[in-house]
Each structure stands twice: as C-alpha cells, then as structure tokens.
Amino acid sequence: MSDSNIAKVIRFGDQKLFIDFRRTMADGNHAVLFVHGFPLNHQLWRHQLDELSKTHSVLAIDLPGYGQSGPILDGTSISNLADLLGELVFELEIAQVTFCGLSMGGYIGWQFWKMHQDKLARLICCNTRASADDEVTRRARIQSALTVERNGIQHAAETMLPKLFSPTTQENRPEIIAEVDQMIRRTSTNGFACGQYAMKDRADATPWLSQIDVPTLVIAGSDDTITPPEEMKAMADEIKDSVFVEIEDTGHLSPLENPKPFNLALKEFLA
Ligand code: MLT
C-alpha cells in the first residue's frame, strides 16, 4: 500500500457511493472518517479534508441519497448507515477510524460506537445530540418528508437555510449560504425523505454516553439553535474522556462557518 487519493463513485454491494479518500501511510492504518449532516454531502468537510490530509488519512463520503451517491433504500435506518460505514472501513483496509460526524452524522456515530467498537479509535461529535426525537419532532419530520416529496427539494433549501447559520454568517458570508443552498439542492427527494424517517426512528443514545470509553471531542457552535451549546456541554460532561470546544460566532455548520478554530480543535485532539 502507498499514499493515494481517490475521489469517485464506487460500487459498494448493491449501492453506489461517492468517497473522497486521501490516504497517507504516515498515518498507518488509521483514518479520520467524516460523516455529513442532513441534507448535505461531503463538501461540508472540504476545509478539513484539505488541511488534515497533510498529516492524516481522511475519508469522507456522500451517504446514500445525498450528493453524488446513488439512491438510499427505503426503510434504511441510522444503524444500517453505521453498518454500511463499518463495511466500507473494512473494505478500504482501514484498521480503525476517528469517527467525525455532524448532527445526523453524529447520530450515526453513536451507532458506530455501539456496533463497531473494534473499528473505533476516537469520536468527534459536532453540532449533534444524543437524545431521540420527541413526538412533536417525529410528526414534523413526517410532514417535512411529505412536503418535500410533493414540492421538491428547493422547498427544503428555502425552509432550512435561515436556521442553519449564526447571525454573523448570515450577515457577512453570503457565499457560504449559497454553497449550502447548492448542497441541499443536490440531495434527492428520496434521500431527504428517507433521512427524515431514519432520524425519526433513531435510538436514544443518552444512556450510552457514560459507557463511551474512547477519547471524544465535542464541538458546538455558540449560536447553534438546532443543537445548542448548553445541551452539547451537558452531553460532553457525561462522556468520561471528553473535551468540549465551543466555537464563537458559529451556528449549526461549524466546519464550514468557522474552519480555522474548528481545524485547530481537530488537530489538537488528534495530536
Ligand atoms: C442535521 O444537521 O443533520 C440535522 O439538523 C439533524 C436533524 O434534523 O436532527
């Protein structure tokens, strides 16, 4: 094996998956696995892939139904997605990963911890939560899936964009908002609906937090109204070997809104 870069759609079982895998042998058989939030794709991590690949092997994917990947199968659960990633890691001959997930990616991360502990060296939880949905949120997800199936993905872009960013990003960084708008519009309606159904039925990971024994980094955005920093700090406090970092002037999409402090936190954690 040697250093190599792959950025392409691969056939994986009966699915087509886009992967961006930059392998450096200096990192042994380890890689940082980046898993995006809903309803986005691997481009969420573009700053981290460019920076961290100088020293670490990095792997980012478009989950099925998102970005350049093929469709997601109806009924796919969050634990199915964690299993898919476990199989991918095995297939790519990566011994262990640092699992870095944002929001929905974080939900998949809890399941990855539960089901693939042998493949998990460290955990990075960004702008996410451990608790499952309440009934109101579950109903809202069904409604949102039906609306997008009826009206198209642009409806999701229009309703979600105002909630994703800090006031600073909203006022000063129109290019970031345009970039995320494009990411959402690239999501298939099938990916959007299946994502909502999968998240609606996800397990409550709160009881697992005190059992997590891998080093864990928890990153919050000071202005994140979807997964507020106070809730994330309380979550970090439950995890034995955890570090909590709050990034200023940042909303729900911290790796894209404020990549400098985000990358610094990552590098310190991985050092
Ligand atoms: C995400 O960014 O992945 C979503 O906010 C997750 C969710 O809808 O719970």
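Computed from a predicted model, the values in this text were never measured in an experiment. Start at 1 and go down the list; that is how both ligands and their atoms are numbered.
In this structure, the protein non-hydrogen atom closest to atom 3 (O) of ligand 1 is Phe38 N, 2.7 Å. The closest protein non-hydrogen atom to atom 2 (O) of ligand 1 is His252 NE2, 2.8 Å. Among all non-hydrogen protein atoms, the one lying nearest atom 1 (C) of ligand 1 is Ser103 OG, 2.8 Å. Nearest protein heavy-atom neighbour of atom 9 (O) of ligand 1: Tyr107 OH, 2.6 Å.
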task = Under the salt bridge (charged side-chain N to carboxylate O under 4.0 Å, His left out) rule, what do Arg173 and Glu175 come out as? Steps first, then yes or no, please.
result = CA-CA 5 Å; Arg173 308 289 305 278; Glu175 73 286 1; 2.8 Å; yes
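Salt-bridge check for Arg46 with Glu179: passed, with a basic side-chain N closer than 4.0 Å to an acidic carboxylate O. Between Asp241 and Arg122, no side-chain nitrogen of the basic residue sits less than 4.0 Å from a carboxylate oxygen of the acidic one, so the salt-bridge criterion is not met.
Within the structure, ligand 1 has Arg141 among the residues with a heavy atom less than 4.0 angstrom away.
Below 30°, between 30° and 60°, or above 60°: for Tyr66 and Phe38 the angle between ring planes is above 60°, a perpendicular geometry.
Asn263 and Gln48 share a donor-acceptor pair across their side chains, judged by distance under 3.5 Å alone.
Close approach to Gly37 involves these atoms of ligand 1, each under 4.0 Å from a residue heavy atom: 3 (O).
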